[in-house]
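Values in this document were obtained by computation on a predicted structure and should not be read as measured data.
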Amino acid sequence: MRALYYTKIDYMLTRKQLRIVPIFFLLALLMGKSASVGEMTLLVACSYVIFIASIFSSAPFSYSGGRNRGFLLMFPATVKDRVTGRFLFGLSFVGLLGLCSAAIFGICGMIGVEIPLWTIGAGLCELAIGIVLVVLQYLFFYLFGEGKDNWQYLNNLVRTVPGMTMFFATSYLAGDVQDEVAAGTLPDLETVAGMMMRAGVLSMAAALLLTVIAAAVCAKVISRRDYA
């Protein structure tokens with residue numbers, strides 16, 4: 001599949017930036033280890049990883065201009081192949097950092113932190129939100145920002161603000177929920193574990209479906225331009 005070659009090229013173009021991702025993983029791990037004061041901090045760590053994913057997954061767009069654009073257009077492929085490859089890059093990158101979040105859960109479990117089942121379902125919901133954020137970013141870049149150098153400032157806002165908002169919102173919600181659980185004003189969250197798992201699986205399915213639809217829309221629109 002030729003789209004996979006473009007996914008590989010995106011990883012090659014962004015390899016210098018991706019080298020610092022392990023640093024952010026260690027920071028998220030430190031957040032997760034503080035889960036001894038409450039399992040909600042595991043979800044905060046997961047949201048931090050997704051915040052990083054929302055920034056770095058759009059990095060290939062920074063390399064789409066100038067001589068790189070001409071280089072990419074030299075390959076015998078269609079616009080659909082190029083756009084699909086870019087979406088596969090974003091999806092695979094979020095999935096890779098999703099595995100990092102799973103590793104954080106596993107490491108915390110190994111050191112004695114209790115991992116309730118409901119937090120796994122909530123983590124899947126966060127991962128689905130991360131995919132949606134990346135897809136919406138790609139829609140913006142392809143439909144409004146890609147190839148327009150004077151949009152760089154707005155592009156940076158699109159790359160950072162949604163993920164940052166999710167991270168701080170999760171942090172606030174985690175503290176609020178933790179306080180209410182401690183005060184006994186909320187029911188035992190483990191009683192809704194099954195519901196949270198179903199919500200997580202359904203949200204992941206919806207996010208993947210949105211990715212397919214968005215890729216098709218972008219390919220259709222970009223096929224009318226000469227720089228995609």
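The hydrophobic clustering, which links ILVMFWY residues whose side-chain heavy atoms are closer than 4.5 Å, places Ile23 and Tyr48 together. Leu99 and Ile104 are not part of a single hydrophobic cluster, where members link through side-chain heavy atoms under 4.5 Å apart. Note: the hydrophobic cluster containing Leu43 also contains Leu27 (ILVMFWY, side chain heavy atoms under 4.5 Å, direct or indirect links). Met12 and Ile20 sit in two unconnected hydrophobic clusters of ILVMFWY residues. Membership requires side-chain heavy atoms under 4.5 Å apart, directly or through other members.
Scanning all heavy atoms of the two residues, the minimum distance from Val134 to Ser57 falls at CG2-OG, 3.3 Å.
Here the straight-line distance linking atom CD of Gln137 with atom CD1 of Ile55 works out to 8.5 Å at 0.5 Å rounding. Taking CZ from Arg19 and OG1 from Thr14, the interatomic distance works out to 10.5 Å, rounded to the nearest 0.5 Å. Note that CZ of Phe167 is 10.5 Å distant from CD of Glu126, once rounded to the nearest 0.5 Å. Atom SG of Cys46 sits about 10.0 Å away from atom CG of Leu97, to the nearest 0.5 Å. One distance of note links CG of Leu96 with CG of Leu91; it measures 11.5 Å at 0.5 Å rounding. Note that CD1 of Ile52 and CZ of Phe93 are 9.0 Å apart. Values are rounded to the nearest 0.5 Å.
Without hydrogens or angle criteria, Ser92 side chain to Phe89 main chain gives a donor-acceptor distance under 3.5 Å.
No side-chain heavy atom of Cys218 sits under 4.5 Å from any side-chain heavy atom of Tyr138. Thr7 has its side chain within reach of Tyr11: a pair of non-hydrogen atoms, C-beta onward, lies under 4.5 Å apart. Looking only at side-chain heavy atoms (C-beta outward), Tyr142 and Arg86 come within less than 4.5 Å of each other.
When the options Val132, Ile131, Val135 are evaluated for a side-chain contact (heavy atoms from CB on, under 4.5 Å) with Val94, the one that passes is Ile131.
In the displayed structure, Phe168 atom CZ is contacted under 6.0 Å by at most 12 heavy atoms of other residues, nucleotides or ligands.
Through direct or relayed side-chain contacts under 4.5 Å between Ile, Leu, Val, Met, Phe, Trp and Tyr, Ile129 connects to Ile50, Leu133, Met166.
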Determine all donor-acceptor pairs shorter than 3.5 Å in which one atom belongs to a side chain in residues 201-212; sequence neighbours excluded.
residue, atom, partner, partner atom, Å
Ser203, OG, Ala199, O, 2.9
Ser203, OG, Gly200, O, 2.8
Thr211, OG1, Ala207, O, 2.9

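Residues passing the side-chain hydrogen bond (donor to acceptor under 3.5 Å, both in side chains) test with Ser58 are Arg159, sequence neighbours excluded.
For an aromatic pair to be called close, the ring centres must be under 6.0 Å apart, and Phe24 with Phe51 fails this.
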